[in-house]
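One-based numbering along the sequence shown.
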Amino acid sequence: MTSNLDFLGELDPDDPRQASQQIANMLRAAILTRKLAPGDKLPSQPDLANRYGVARETIRRALEILRSERLIVTRQGSGAFVRAQTQRPVELRPLIEAAFEQPHVTIDFAGFAGETLRDAIAEALDLVRAGRMAPETIAVRLLISDMSVPMALPALAATGGDDAAVRKRQERITRRSTDGIIDQVEELGDLGLVKSATVEARMHSIAPTFKLYLLNGREAFFGYYSVVKREVTIGGNPVEIFDPMGKDVTLFHYAADDDEGSHGTQFVESSKVWFDAVWNSVAREYRP
């Protein structure tokens, strides 16, 4: 985010509204006009207080207005961020990078191939290699569908049923992404750039219908795969398949906050319970 805060405007001494309401209005305008984009970090409370010449309590009241409107989320120790209520995969990158600002990074992923995660996490790991980020530990868990066993998806379009060759093609894609994540993360530990860098992967026999990301146990991104009919090449021949596509899936963002009864907190906690339940029951070890 730019350090120039001129786009945030100034208080109007002739405005009868309280300073906190004026500040909330200016921040809201910056968010709605995308001067502060989804995932962007807001200026710190001290910076905003200096900007507007008010007490930090006034800034806290302004931020509370925006939080109640579900325009921002607050992360303990990190600050306030523009809420990303509907995200696309490319927008995961700044939020994954924000997760890497914490000393202990955890990422749980459940889904099909993990290609989006592999690409998004690569940039954050590059920042660690360059010394621009310095987490102490990184722990990644991957729950992926086992394409070595019959699945409802992907399927052969001609029959709508399971096909070993179709699954074999997807297995190659899934392994390429999973092994790439494992290699990238573990390399940081091997280079001594972090105290601990681990990746655990497990497989299950549940056909992929959605993807889920959990970042630092505080944020969840959830989206349904779209099943599309498309032509792919298998064994040198064109084959039509029903394929769950995740590249352009809309992801819904939920963030845990200090309110245990809030929608975001409950969704994040329920997602963690689901992930751990599958991880500790029907999931089995992935072998690179």
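With rounding to the nearest 0.5 Å, the separation of CG in L27 from CG in L36 is 7.0 Å. Rounded to the nearest 0.5 angstrom, F109 CZ and I144 CD1 are separated by 8.5 Å. Taking CG of L125 as the reference point, atom CG of D183 lies at 11.5 Å (rounded to 0.5 Å).
Cluster partners of V232, by chain and number: L156, V166, I234, V239, I241. The rule joins Ile, Leu, Val, Met, Phe, Trp and Tyr whenever side-chain heavy atoms lie under 4.5 Å apart. In the hydrophobic clustering (ILVMFWY side chains linked at under 4.5 Å, chained through shared members), F81 is joined by V73.
Side-chain atoms of R56 and P46, non-hydrogen and from C-beta on, do get closer than 4.5 Å to each other.
Evaluation of the side-chain hydrogen bond (donor to acceptor under 3.5 Å, both in side chains) test over residues 14-32, restricted to residues two or more places apart or in two chains, returns D15-R17, Q21-N25, N25-R28, R28-E69. Among pairs with a residue in residues 106-115, those fulfilling side-chain hydrogen bond (donor to acceptor under 3.5 Å, both in side chains) read D108-R141, at least two apart in sequence or across chains. Pairs of residues two or more places apart, or lying in two chains, that qualify as side-chain hydrogen bond (donor to acceptor under 3.5 Å, both in side chains) and include a residue from residues 188-205 are S205-R284.
Taking every heavy atom of both residues into account, I96 and A124 meet most closely at CG2-CB, 4.1 Å. In terms of heavy atoms, L11 sits closest to Y52 at CD1-O, 3.5 Å. Here the closest non-hydrogen pair linking L143 and A283 is CD2-CB, 3.7 Å. Heavy atoms only, all atoms of each residue included: A207 and S145 are closest at C-OG, 4.2 Å. Between S177 and G114 the shortest heavy-atom distance is CB-C, 3.9 Å. Residues K35 and D40 come closest through the heavy atom pair O-OD2, 4.3 Å.
Here the side chain of R51 pairs a donor or acceptor atom with the backbone of G9 at under 3.5 angstrom. With R67 contributing its side chain and I72 its backbone, the two residues share no donor-acceptor pair below 3.5 Å. Judged purely by atom type and a 3.5 angstrom limit, D146 has no side-chain atom pairing as donor or acceptor with the backbone of M203.
R60 pairs by the salt bridge (charged side-chain N to carboxylate O under 4.0 Å, His left out) definition with E57, not counting sequence neighbours. Scored by the side-chain hydrogen bond (donor to acceptor under 3.5 Å, both in side chains) test, E123 finds R93 as partners (sequence neighbours excluded). Every residue meeting the side-chain hydrogen bond (donor to acceptor under 3.5 Å, both in side chains) condition with E187, not counting sequence neighbours, appears here in chain and number order: R129. With sequence neighbours left out, the side-chain hydrogen bond (donor to acceptor under 3.5 Å, both in side chains) criterion links Q266 to no other residue. The side-chain contact (heavy atoms from CB on, under 4.5 Å) check on D47 picks up P43, S44, with sequence neighbours excluded. T209 meets the side-chain hydrogen bond (donor to acceptor under 3.5 Å, both in side chains) test with no other residue; sequence neighbours excluded.
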Check the pair E171, K168 against salt bridge (charged side-chain N to carboxylate O under 4.0 Å, His left out), reporting the backbone distance first and the verdict last. CA-CA 5 Å; E171 183 179 14; K168 189 67 176 178; 3.7 Å; yes
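In this structure, F222 has its ring center closer than 6.0 angstrom to the ring center of F210.
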Under 3.5 Å donor-acceptor pairs involving side-chain atoms of residues 223-231, not counting sequence neighbours:
from: Y225; atom 1: OH; to: F112; atom 2: N; distance (Å): 2.8
from: R230; atom 1: NE; to: D243; atom 2: OD2; distance (Å): 2.9
from: R230; atom 1: NH2; to: D243; atom 2: OD2; distance (Å): 2.9

